[in-house]
There are 2 protein chains.
Amino acid sequence: MKDTITTQPTEALEKAPVRDHPTVAVDVVIFALRAKSPELDHPTDLDLQVLLIRRGTEPFKGMWAIPGGFVGLDESLEDAARRELAEETGVTDVWLEQLYTFGAPDRDPRTRVISVTYYALVSADLLDPHAGSDATEAAWHSMYNLPPLAFDHDAILDYALQRLRYKIEYSAVAFQLLPEEFTLRELQEVYMVILNDYELDKANFRKKLQREGNEVVEPTGRFRETGGRPAELYRFREDAKLEIKARRLFP
Amino acid sequence: MKDTITTQPTEALEKAPVRDHPTVAVDVVIFALRAKSPELDHPTDLDLQVLLIRRGTEPFKGMWAIPGGFVGLDESLEDAARRELAEETGVTDVWLEQLYTFGAPDRDPRTRVISVTYYALVSADLLDPHAGSDATEAAWHSMYNLPPLAFDHDAILDYALQRLRYKIEYSAVAFQLLPEEFTLRELQEVYMVILNDYELDKANFRKKLQREGNEVVEPTGRFRETGGRPAELYRFREDAKLEIKARRLFP
DNA sequence: ACAAAAGTGTTGAGAGTACACCCATGC
DNA sequence: GCATGGGTGTACTCTCAACACTTTTGT
């Protein structure tokens, strides 16, 4: 990852006086899995979406941007990210990880802004339909069909998706995007949607989930009705090992 | 990685006026492989070392710290990191990657400082014995035997080592720590030293290097004399594929 | 001849993959 | 019964890991 990818924080930069030092902002990429069409309830066709807000001020007025804001003087970076997340979604206790810090000098036309970015994974069942407390307009957008974005926020989203794809392959973050209980087919769909790889074999997927030394899910005994045979609901095992040793390029 | 790990930039903070916004610094973890004892020339017992500088001012005066400094207003973060790296080692054109941004509010007793950290891999044969242009005292220290460090720089080094270990397993960065030509045993030792895993099988290591579709090294035809049979020198293939698909936790 | 270090071959266990098949429910 | 989707078994291939073995140099 080169640092030539740059970005911008969001709104209200006019509050920050121009000074002889960079301004520090935090931007949060908020991912969720949502149904493509708003009518279905059992999520057959999932979509990977991000929450964006529409800018109300220049520059890039009217364009979509990643939610973010400035870091308070007595606030850690992660606290600032969680504050932004709560303001936009009303959700707390969410999985959140620092993504990258974008700092090219010319990314904001007004003043030098360095943006520390985070990405969050939220379970769709926790989301209020319209929890944005601000008057700002916020909306979910498919990662596979994004609108034009303010500043260099498209580069941030590219990088976030790349990181999510890496992360999902060797750790158990996929569960953060699902409710407490889920069917194995739903879990498989999480992988297929994020990896954009619709060719996962059902049998092999299940085998890998239950392989010796890798039992990350356990059955609950409850079932969900489907079009055919009911599907057993599983939950994530708390004592599961969360990371797998990477395949070595050369050991 | 939680954000509770914090850190500090280096010297000369007194130049920065106390303001109502955070200060931004860049710190660079500089890794090299060097012989444990300074007499050997063919590097039989390698050591993973980092370059540290001794602080000349309070706070933490006299303690060791990661080299770093403030970001210029018209300077990208990576440019600032490369500038610091050149000042301390005299080396340019070095592999460098952003590591993490540390930003806890209380990490510097004087003022709020947010530190964007990078890590660099330099080949020992490029290093001048004493290229530190400043009057600051700089010295190499073994990662496996570190002195007490200023601020939270120990946490930065822990994280940098963890990242280096991950990175080396699925990408070809190990070559950045070796000269242009090297023997396969030297390459194997790079892995063993960094992974702190002295049980790599020679035969299997070589097989994986030359496996179909993964030819990352090529012989040069030249040889290096050793205690026994001479070892052929290899070089990194420019067209080699640099990353490997991770082993999935569950596909 | 011997030591030292480079370099190769063989083999069995386990993981990955493809694909066919069986099971439980609603209509 | 039939459609629909959940759930399993089998067989082949490839990778991984252990370990014994051969080769080339210096003394």
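Worth knowing before you read on, the calculation uses all heavy atoms, side chains too, and leaves out hydrogens, waters and symmetry mates. Chain A is the first sequence line, chain B the second, and so forth, proteins listed ahead of strands; every chain is numbered from 1.
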>> Should the side chain of A:Lys202 and the base of C:dT17 be counted as holding a donor-acceptor pair, with the cut-off at 3.5 Å?
In response: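 Looking at the base of C:dT17, it does not pair with any donor or acceptor on the side chain of A:Lys202 (distance under 3.5 Å).
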Choosing from [options], which nucleotide comes nearest the side chain of [X]?
{"X": "A:Arg229", "options": "D:dG5, D:dT24, C:dT17", "result": "D:dG5"}
{"X": "B:Arg185", "options": "C:dA5, D:dG7, D:dG9", "result": "C:dA5"}
{"X": "B:Pro230", "options": "C:dA5, D:dT25, C:dT8", "result": "D:dT25"}
{"X": "B:Asn204", "options": "D:dG5, D:dT24, D:dC19", "result": "D:dC19"}

>> Mind checking if A:Ala203 touches a base, just sugar-phosphate, or nothing, with heavy atoms under 4.0 Å?
In response: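 Base contact.
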Quickly work out the [X] [atom1] to [N] [atom2] distance and round it to whole Å.
{"X": "A:Phe223", "N": "D:dG5", "atom1": "CZ", "atom2": "P", "answer": "18 Å"}
{"X": "B:Arg206", "N": "C:dG9", "atom1": "CZ", "atom2": "P", "answer": "12 Å"}
{"X": "A:Leu184", "N": "D:dG7", "atom1": "CG", "atom2": "P", "answer": "6 Å"}

> Taking the six-membered ring where the residue is Trp, are the ring centres of A:Tyr119 and A:Trp95 under 6.0 Å apart?
Replying inline: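 Yes, the ring of A:Tyr119 comes within the 6.0 Å limit of the ring of A:Trp95, centre to centre.
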>> If you take the centroid of each ring, where Trp contributes its six-membered ring, are B:Phe182 and B:Phe236 closer together than 6.0 Å?
In response: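 So the answer is no for these two rings.
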>> Can you work out whether B:Leu233 or B:Gly228 has the more 5'-proximal nearest nucleotide on DNA chain C?
In response: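 It is B:Gly228, whose closest nucleotide lies nearer the 5' terminus.
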> According to a strict under-4.0 Å criterion, is B:Lys208 in side-chain N/O contact with OP1 or OP2 of D:dC16?
Replying inline: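 Checking D:dC16 against B:Lys208, a side-chain N or O does come within under 4.0 Å of OP1 or OP2.
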>> I'd like to know whether CD of B:Glu180 has more than 12 heavy-atom contacts from other residues, nucleotides or ligands below 6.0 angstrom.
In response: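 No - once you tally the heavy atoms of other residues, nucleotides and ligands closer than 6.0 Å, there are 12 at most.
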> With the threshold set at 4.0 Å, does a side-chain nitrogen-carboxylate oxygen contact exist between A:Glu232 and A:Arg224?
Replying inline: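 No salt bridge links A:Glu232 with A:Arg224.
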